[in-house]
There are 4 protein chains.
Amino acid sequence: MWLHVNPKLSVPVYQQVIDGVKAAVAKGVLKPGDRLPSVRELAVALAINHNTVAKAYQELERDRVIEVIRGRGTFIAEPAVPPDSERRFAELRASMRKLLVDAHHLNLRPEDVLAMFQDVVHQWKREEDGHEDGHRDR
Amino acid sequence: MWLHVNPKLSVPVYQQVIDGVKAAVAKGVLKPGDRLPSVRELAVALAINHNTVAKAYQELERDRVIEVIRGRGTFIAEPAVPPDSERRFAELRASMRKLLVDAHHLNLRPEDVLAMFQDVVHQWKREEDGHEDGHRDR
Amino acid sequence: MWLHVNPKLSVPVYQQVIDGVKAAVAKGVLKPGDRLPSVRELAVALAINHNTVAKAYQELERDRVIEVIRGRGTFIAEPAVPPDSERRFAELRASMRKLLVDAHHLNLRPEDVLAMFQDVVHQWKREEDGHEDGHRDR
Amino acid sequence: MWLHVNPKLSVPVYQQVIDGVKAAVAKGVLKPGDRLPSVRELAVALAINHNTVAKAYQELERDRVIEVIRGRGTFIAEPAVPPDSERRFAELRASMRKLLVDAHHLNLRPEDVLAMFQDVVHQWKREEDGHEDGHRDR
DNA sequence: GTGGTCTAGACCACC
DNA sequence: GTGGTCTAGACCACC
């Protein structure tokens with residue numbers, strides 16, 4: 001299963017579902033056109049309430065990450081610039097600045113953070129390659 | 001004023017105060033030994049309740065960002081590695097991975113994010129220099 | 001009821017709640033997975049304000065004694081070494097030294113304190129056994 | 001100097017003075033008949049307010065740890081059972097039980113605590129011997 | 001239902 | 001003056 005959820009975390013469960021789907025898409029585990037489990041199926045699989053899954057799917061649809069086709073099911077959407085993307089760019093920059101603040105309080109200088117981030121990017125890409133291969137094999 | 005707060009945001013007001021103080025320290029606007037406004041003063045200045053400021057100050061003290069001297073006031077602490085820093089490092093890496101996910105859904109590749117991050121770091125350092133100079137001039 | 005609170009004492013009420021829960025866990029009265037009363041229920045039972053209970057629960061969660069599952073309730077956590085435990089060990093030794101100082105002013109020599117402590121430990125274990133049996137009998 | 005005080009700690013300064021004097025007596029650094037600095041002298045030496053020292057001395061006198069002889073000065077009292085000593089014995093036992101609770105949450109069993117306490121006692125006595133010698137030499 | 005946040009206002013110990 | 005605690009009561013997100 002490409003999705004797990006932990007009700008003990010402070011992050012709301014519905015948000016964990018959103019984050020999980022987005023991460024799977026970003027990692028290439030889920031590709032445009034892939035079918036998602038139905039709300040009820042996913043709720044059972046994750047042992048959570050179906051309302052929680054429904055809320056997550058609604059928000060993912062608003063963000064154009066998934067498409068709900070009535071009577072057919074739920075699918076990963078083609079990559080698209082999400083609505084309100086100017087604001088989202090600003091938020092991304094804000095997140096990066098927050099990263100620098102948090103790092104400062106771990107006694108890291110900006111250069112250290114940059115190096116750490118490069119490391120994370122490299123690891124990310126290595127994992128991505130793994131998934132590409134996996135898909136090629138099918 | 002180096003701190004502003006917006007009660008309309010979904011992030012709690014007390015958390016905004018915490019983030020604001022940490023950011024000011026990271027930026028060099030506040031330096032070790034500097035005195036913070038009293039709980040009541042800051043509450044009036046931000047137009048929020050004193051309990052909200054008190055909660056923020058208490059959490060900042062637990063994180064060793066500030067030191068409270070009872071009956072005297074509140075001061076920026078010497079830089080210190082916070083408790084539980086191993087966990088915090090893991091969280092920092094997780095934040096970086098989340099950044100990559102969010103960026104993917106804005107049609108940015110990891111290289112783009114890295115470039116954007118470098119840009120943010122450069123801007124950060126330019127601002128930092130400004131503060132250094134400002135202090136030197138006094 | 002395994003918890004009582006006395007607002008007349010100089011130790012804050014929320015701290016008494018924290019100490020009481022920790023003691024119940026240490027004594028085996030509360031076991032991992034056990035559900036705690038809700039914030040409001042406990043507040044009514046102890047005749048204190050719900051904010052006071054909430055503050056205690058939040059601190060207990062930070063110390064990993066309990067786990068809060070939002071919208072569901074509060075539960076005793078699996079035993080875990082708390083963050084910052086090196087510091088806590090030092091505090092434990094300091095408490096022991098303070099014990100020796102206080103005992104000196106009651107005209108007790110260190111050997112007397114040690115004997116008294118052994119006695120307290122024995123009584124503690126007898127009580128613990130009682131709880132074990134009680135659970136077994138059910 | 002046998003006494004130090006740290007206003008940054010959460011323990012009130014006047015309480016630190018009380019604890020410090022009691023510890024010095026228990027360790028043999030101060031002996032019955034020894035003269036304490038005047039309130040003003042000690043306040044200057046510790047860089048604290050003289051009211052704070054006065055408050056500490058008053059409580060030490062109430063506990064029969066020191067004796068104030070008007071016009072002459074302040075002296076360490078002969079060892080004496082303090083007033084209300086029955087209550088103090090109960091408190092000592094309560095402190096020991098609290099030690100066991102705190103230790104439980106550091107994953108220590110009562111036997112571990114007992115061993116640790118024995119270790120603390122041994123170290124304490126070694127330090128005491130050191131002081132005895134120092135006094136003999138005078 | 002659950003816990004989390006916030007305000008308004010009181011009272012307290014400490015310095 | 002300083003921060004810390006507590007109550008009463010409101011509103012909110014989450015499940």
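Lettering follows sequence order; numbering is per chain, from 1.
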Q. Tell me: CD1 of B/Ile66 to C1' of F/dG4, nearest whole Å?
A. 13 Å

Q) Roughly how many Å is it from NE2 in C/His50 to P in E/dT5, rounded to a whole number? A) 13 Å

Q) Of the nucleotides F/dC6, F/dC15, F/dT2, which has the atom closest to the C/Val13 side chain? A) F/dC6

Q: State, to 0.1 Å, how close C/Pro37 and C/Trp2 come at their nearest heavy-atom pair, and which atoms those are.
A: CD-CZ2, 4.0 Å

Q: Show your working on salt bridge (Lys or Arg N to Asp or Glu O under 4.0 Å) between A/Arg62 and A/Glu59 and close with a plain yes or no.
A: CA-CA 5 Å; A/Arg62 240 190 303 121; A/Glu59 192 155 323; 3.7 Å; yes

Q: Identify the two heavy atoms, one from C/Leu46 and one from C/Leu3, that lie closest to each other, and give their separation to 0.1 Å.
A: CD2-O, 3.6 Å

Q.
With a cut-off of less than 4.0 Å, is there a side-chain N or O of C/Lys55 near OP1 or OP2 of F/dC6?
A. no

Q) Reckon B/Gln58 has a side-chain N or O less than 4.0 Å from the OP1 or OP2 of F/dG3? A) no

**Q.** Residue C/Asn49, side-chain atoms from C-beta onward, closest of F/dT7, F/dT5, F/dT2
**A.** F/dT7

Q: Please determine which of A/Arg93, A/Arg87, A/Arg88 meets the side chain to side chain donor-acceptor pair (under 3.5 Å) test together with A/Glu91.
A: A/Arg87

Q. Does B/Ser38 put a side-chain nitrogen or oxygen below 4.0 Å from OP1 or OP2 of F/dG1?
A. no

**Q.** Salt bridge C/Lys22-C/Asp63, side-chain N to carboxylate O under 4.0 Å
**A.** yes

Q. Whole-Å distance between E/dA10 P and C/Asn51 CG?
A. 17 Å

(Q) Would the distance check show the side chain of C/Glu61 and the main-chain N or O of C/Gln58 forming a donor-acceptor pair, the cut-off being under 3.5 Å? (A) no

Q. Rounding to a whole Å, what distance do you find between D/Leu9:CG and E/dC15:C1'?
A. 15 Å

Q: Report yes if the side chains of B/Leu36 and B/Leu30 come closer than 4.5 Å at any heavy-atom pair, otherwise no.
A: yes

**Q.** Angle by which the axis turns from one end of the helix from E/dG1-F/dC14 to E/dC14-F/dG1 to the other, five pairs per end, to 10 degrees
**A.** 20°

Q | B/Thr52 side-chain N/O to E/dT7 phosphate OP1/OP2 under 4.0 Å | A | yes

Q. How long is the line joining CZ of B/Arg62 and P of F/dG4, in whole Å?
A. 11 Å

Q | Spacing between C/Leu60 atom CG and E/dG4 atom P, to the nearest angstrom | A | 12 Å

Q.
Tell me the closest heavy-atom pair linking A/Ala43 and A/His50, and the distance in Å.
A. CB-CA, 3.6 Å

Q. Can you tell me how far C1' of E/dG4 sits from CD of C/Glu59, to the nearest Å?
A. 16 Å

Q: When you get a sec, tell me which of E/dC6, F/dC6, F/dC15 is the closest nucleotide to the side chain of B/Tyr14?
A: E/dC6

Q. Given atom CD of B/Gln15 and atom P of F/dC12, what is their separation to the nearest angstrom?
A. 21 Å

Q | C/Ile48 vs B/Ala54, nearer the 5' end of DNA chain F by closest nucleotide | A | B/Ala54

**Q.** side-chain contact (heavy atoms from CB on, under 4.5 Å) partner of A/Tyr14, the single match among A/Val17, A/Ile18, A/Val11
**A.** A/Ile18

Q: Look at the side chain of B/Arg40 against the base of F/dG4 and say whether a donor-acceptor pair falls under 3.5 Å; ignore hydrogens and angles.
A: yes

Q: Measure from the side chain of C/Pro12, starting at C-beta and using heavy atoms only, and say which of E/dC14, F/dT5, E/dT5 lies closest.
A: F/dT5

(Q) Can you pull out the residues from residues 69-80 of chain B that lie within a 4.0 Å heavy-atom distance of DNA chain F? (A) B/Gly71, B/Arg72, B/Gly73, B/Thr74

Q) Passes salt bridge (Lys or Arg N to Asp or Glu O under 4.0 Å), B/Arg64 versus C/Asp84? Steps please. A) CA-CA 12 Å; B/Arg64 317 241 207 287; C/Asp84 210 6; 3.1 Å; yes

